[in-house]
Amino acid sequence: MDLDKLMGKHLTRYFDPSKTIPEETLQQLLKFLRSTPSSTNIQPNHFYVLATDEGKKQLADNLGERFQDNAEKILNSSHTIILTTRADLPESHIDAVFNKERADGRFPDPAKQELWESMTRDFLNLRNYGYKDLNHWMEKQTYMAVGLTMMAAAELGVEATPLEGFDPASVDKAFKIRETGHATTVLLALGYPDPKKQYSNPISRFDADELFTFV
Ligand SMILES: Cc1cc2nc3c(=O)[nH]c(=O)nc-3n(C[C@H](O)[C@H](O)[C@H](O)COP(=O)(O)O)c2cc1C
């Protein structure tokens, strides 16, 4: 990965509609997305991978009135992913996580798995009843997944642009997402930039002395 290049580049706003991510590369990226970590291994996500023109159009048509400028980005992307997050945390989901951890042999010692499960439940109770931020906390996990996947895409030579410009109620309705107990958090458009429309002007970020405090 060329970090120097990455540090100087704008996120892609103009994708080349004629270019498609090769299947093998896509599968590698999705494998990576599946592997991204989450706090307490809660895995609160479901991902809709829009790989067809119809799928992308369905999203582009349902971004909501004020977010039309994102439609072209989605339509011209090779693939766009809708990253959704659980709206709440039913017991069935917690059980599913623990059962999968047991099946995968995460803790070969059953006593350690049990300890882990009780610590996880304590932490979830704290988020739910103490900090009262369970959904917000789960969405933070989604943002980590999107950030890490942007880096993985760069490693694979794929451009990845996160999009927050959409009406979640409208997108959820179009894909019947709320019926599954999830809601849309963020979108990730993937593809290759249109070389005729690439920005060459510098990126703008605060200077280092405003950002870093060394103690
Ligand atoms: C989480 C996130 C959401 C974003 N949503 C949008 C979006 O909906 N539409 C868009 O055109 N750009 C979007 N961007 C791009 C930012 O506006 C852009 O990265 C920022 O203005 C800096 O510009 P640069 O990448 O050209 O340096 C988003 C970026 C991030 C990190």
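Both counts, for ligands and for their atoms, begin at 1 and track the order of listing.
- Nearest protein heavy-atom neighbour of atom 14 (N) of ligand 1: P162 O, 3.7 Å.
- In terms of protein heavy-atom proximity, atom 24 (P) of ligand 1 is closest to H10 ND1, 3.6 Å.
- In this structure, E65 places its CD atom where only 12 or fewer heavy-atom neighbours from other residues, nucleotides or ligands lie under 6.0 Å away.
- Side-chain atoms of Q43 and S38 form no donor-acceptor pair, as typed in the model, at a separation below 3.5 Å.
- Considering backbone and side-chain N/O atoms, T161 never comes within less than 3.5 Å of an N/O atom of ligand 1.
- The shortest N or O to N or O distance between E164 and ligand 1 is under 3.5 Å.
- The local environment of NE2 in H10 is crowded, with over 12 non-hydrogen atoms from other residues, nucleotides or ligands closer than 6.0 Å.
- Here W137 and Y131 keep their ring centres 6.0 angstrom or further from each other.
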Less than 3.5 Å apart, which donor and acceptor atoms pair up between the side chains of residues 21-29 and the rest of the protein, not counting sequence neighbours?
residue	atom	partner	partner atom	Å
E23	OE2	Q27	NE2	2.6

Query raised in the report: Where do R106 and D104 land on the salt bridge (charged side-chain N to carboxylate O under 4.0 Å, His left out) test, with the steps shown first?
Result: CA-CA 6 Å; R106 180 180 181 194; D104 287 342; over 6 Å; no
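- Proximity to I203 (heavy-atom distance under 4.0 Å) selects the following atoms of ligand 1: 27 (O).
- N41 and E101 share a side-chain donor-acceptor pair at under 3.5 Å.
- Residue L11 has at least one nitrogen or oxygen atom sitting less than 3.5 Å from a nitrogen or oxygen atom of ligand 1, judged on distance alone.
- Among protein heavy atoms, the minimum distance from atom 12 (N) of ligand 1 is reached at R13 NE, 3.8 Å.
- Heavy atoms of R205 found under 4.0 angstrom from ligand 1 belong exclusively to the side chain.
- Per-residue contacts place K73 under 4.0 angstrom from the following atoms of ligand 1 (heavy atoms of the residue considered): 9 (N), 10 (C), 11 (O).
- Atom numbering of ligand 1 starts at 1 in the shown order; those under 4.0 Å from a heavy atom of N70 are 7 (C), 8 (O), 9 (N), 10 (C), 11 (O).
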